[in-house]
Amino acid sequence: MSTWTPFPHDASALSYGGDKLWQAWERLHAGDQEPWPEDEASQEAWRAYHRGDFQTAVALGLKAETASGMNAANKAQSIYATYLVEDEDAKKELFEEVADRAEVAAKENPNNINAHYQHAYALGRYSQAISIAKALAQGIAGKCKASLDRTLALAPEHAEAHIALGAYHAEIIGKVGSMVGSLTYGVSKDAAEAHYEKALELIPHSAIARIEYGNGLLTLYGNKKVKDATKLYEAAAECEPRDAMETLDVAFAKSELSDD
């Protein structure tokens, strides 16, 4: 993809030049537990990511040739594909690229937390793009689950992995039902909600934790949980974003509410 869609929001408050990145790092990466990168090249890739310059983040991250640089590139490409790419074929291609790169990175460095997570995230989003039924038939769901389990084995407080596991349980149940889901895939409604709750406990400031929890409740319970889901979307819309991803999350929550 030669021309990337620019970040569609005001990014003036999302710049983390100099020491600002270090000072904000713990808050910015509470969700993914990414370790602070000591090298300037990786730091620059993350700065580009946080301000919404996703194409530059990918280029700088890959050029850095470090674990953190690769993680920045993969996260930038995944968030870009999730929110700013409308063409389904282009979206799937971007997720496939991330999944492939992350899989290689995880094999090269098995302790790279976010290589495993980005592999799972990209596969999960790819699965949503092709349909959960096809993903189950192709065995993609199992690969996604394995990478999420590895992520949490390395970093039990990886909130974004908890969110993704909540979605894993919810979406399989939504497709095949509770009984088949339990017997065939080992998923349950209780486990889905427990993962969403854990994520909210770990990152109480997060819009995406609330959005995905709301999505999960609707997938699991349908109209019975519309009020609960709406409350979660409303809370997400009130969150204060600190970087580009969070800005896109909040904007998405607001759009969902305005569509109702």
Side-chain angles (χ1 to χ4, degrees), residues 4-84 94 98 101-102 105-106 108-109 111-122 151 154-164 199-200 202-211 236 239-252:
W4 287 39
T5 301
F7 182 65
H9 303 281
D10 180 10
S12 59
L14 309 177
S15 178
Y16 290 94
D19 290 341
K20 289 182 180 178
L21 184 64
W22 161 252
Q23 292 162 2
W25 190 263
E26 185 175 356
R27 161 62 177 78
L28 291 171
H29 291 274
D32 69 5
Q33 301 286 291
E34 178 69 24
W36 168 254
E38 297 294 342
D39 66 294
E40 186 63 30
S42 296
Q43 292 169 22
E44 283 302 307
W46 282 112
R47 287 187 179 97
Y49 164 78
H50 287 303
R51 68 175 178 265
D53 189 351
F54 296 126
Q55 186 170 19
T56 297
V58 173
L60 291 177
L62 296 179
K63 187 178 180 181
E65 297 185 344
T66 63
S68 191
M70 177 63 76
N71 291 342
N74 285 339
K75 190 160 194 176
Q77 186 163 319
S78 285
I79 297 304
Y80 174 76
T82 297
Y83 281 119
L84 299 180
L94 288 168
V98 172
R101 290 199 305 251
E108 291 178 348
N109 181 1
N111 292 321
N112 181 347
I113 300 164
N114 284 313
H116 298 287
Y117 172 68
Q118 283 300 327
H119 180 246
Y121 182 93
T151 303
L154 291 169
E157 296 193 342
H158 196 295
E160 291 180 22
H162 282 291
I163 294 170
L200 268 178
L202 292 168
I203 46 173
H205 58 266
S206 171
I208 194 61
R210 290 171 171 83
I211 292 166
C239 290
E240 182 181 349
R242 295 285 296 276
D243 76 351
M245 183 191 84
E246 293 180 11
T247 300
L248 292 166
D249 294 338
V250 170
F252 177 79

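Given the structure is predicted, the values throughout are model-derived calculations rather than measurements.
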K.L.:
Which heavy atom in A73 sits nearest to a heavy atom in V58, and how many Å separate them?
P.N.:
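Here A73 and V58 meet closest at O-CG2, 3.4 Å.
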K.L.:
Heavy atoms, side chains only, cut-off 4.5 Å: are N71 and I113 in contact?
P.N.:
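N71 does not reach I113 side chain to side chain.
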K.L.:
Run the numbers on Y49 and D243 for side chain to side chain contact (heavy atoms under 4.5 Å, CB included), then give the verdict.
P.N.:
CA-CA 8 Å; Y49 164 78; D243 76 351; 3.8 Å; yes
K.L.:
Within this structure, what is the CD1-OG1 distance for the pair I79 and T82, rounded to the nearest 0.5 Å?
P.N.:
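One gets 5.0 Å once the value is rounded to the nearest 0.5 Å.
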K.L.:
Indicate the atoms forming the closest heavy-atom contact of G18 with R47, along with that distance.
P.N.:
O-NH2, 2.8 Å
K.L.:
Look up atom OG1 in T151 and atom NE2 in H119, then write down how far apart they are to the nearest 0.5 Å.
P.N.:
10.5 Å
K.L.:
At their closest point, which heavy atom of P37 faces which heavy atom of S42, and how far apart are they?
P.N.:
CB-CB, 3.7 Å
K.L.:
For the pair K75 and W46, evaluate side chain to side chain contact (heavy atoms under 4.5 Å, CB included) and give the outcome as yes or no after the intermediate values.
P.N.:
CA-CA 9 Å; K75 190 160 194 176; W46 282 112; 4.2 Å; yes
K.L.:
Under the side chain to side chain contact (heavy atoms under 4.5 Å, CB included) criterion, do E240 and H205 qualify, and how do the steps go?
P.N.:
CA-CA 8 Å; E240 182 181 349; H205 58 266; over 6 Å; no
K.L.:
As an exercise, state the distance from CD of Q43 to CH2 of W25, rounded to the nearest 0.5 Å.
P.N.:
8.0 Å
K.L.:
Please name the residue in the list R242, E246, H29 that meets the side-chain hydrogen bond (donor to acceptor under 3.5 Å, both in side chains) test with H50.
P.N.:
H29
K.L.:
Over 60° means perpendicular and under 30° means parallel, so tell me whether Y121 and Y117 are parallel, tilted or perpendicular.
P.N.:
tilted
K.L.:
In Å, rounded to the nearest 0.5 Å, how long is the span from CD of E44 to NZ of K63?
P.N.:
11.5 Å
K.L.:
Side-chain contact test, heavy atoms from C-beta onward, threshold under 4.5 Å: evaluate it for S78 versus Q118 and give yes or no.
P.N.:
yes
K.L.:
Would you say E40 has more than 12 foreign heavy atoms packed within less than 6.0 Å of its CD?
P.N.:
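Yes, the 6.0 Å shell around CD holds more than 12 heavy atoms from other groups.
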K.L.:
I want to know whether Y80 and W4 have ring centres closer than 6.0 Å.
P.N.:
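So the answer is yes for these two rings.
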K.L.:
For A67 and N112, work out which heavy atoms get closest and say how close.
P.N.:
CB-ND2, 3.5 Å
K.L.:
Going from CG on L14 to CZ on F7, what distance comes out if it is rounded to the nearest 0.5 angstrom?
P.N.:
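That separation rounds to 5.5 Å.
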K.L.:
Could you check whether atom CH2 of W36 has more than 12 heavy atoms from other residues, nucleotides or ligands sitting under 6.0 Å from it?
P.N.:
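More than 12 heavy atoms, drawn from other residues, nucleotides or ligands, come within 6.0 Å of this atom.
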K.L.:
Working to the nearest 0.5 angstrom, can you tell me the gap between D249 CG and R210 CZ?
P.N.:
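Spacing of CG (D249) from CZ (R210) equals 11.5 Å.
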K.L.:
So which atom in A45 and which in A72 form the shortest heavy-atom distance, rounded to 0.1 Å?
P.N.:
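Closest approach of A45 to A72: CB-CB, 3.9 Å.
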K.L.:
Minimum heavy-atom separation for R51 to A11, with atom names?
P.N.:
O-CB, 3.4 Å
K.L.:
Decide whether N114 and H158 meet the rule of one side-chain donor and one side-chain acceptor closer than 3.5 Å.
P.N.:
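There is such a pair between these side chains.
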K.L.:
For L28 and L21, what are the C-alpha separation, side-chain angles and deciding distance, and is it a side chain to side chain contact (heavy atoms under 4.5 Å, CB included)?
P.N.:
CA-CA 9 Å; L28 291 171; L21 184 64; 4.3 Å; yes
K.L.:
May I ask you to decide if L62's main-chain N or O and E65's side chain share a donor-acceptor pair within less than 3.5 Å?
P.N.:
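Side chain of E65 to backbone of L62: no pair is present.
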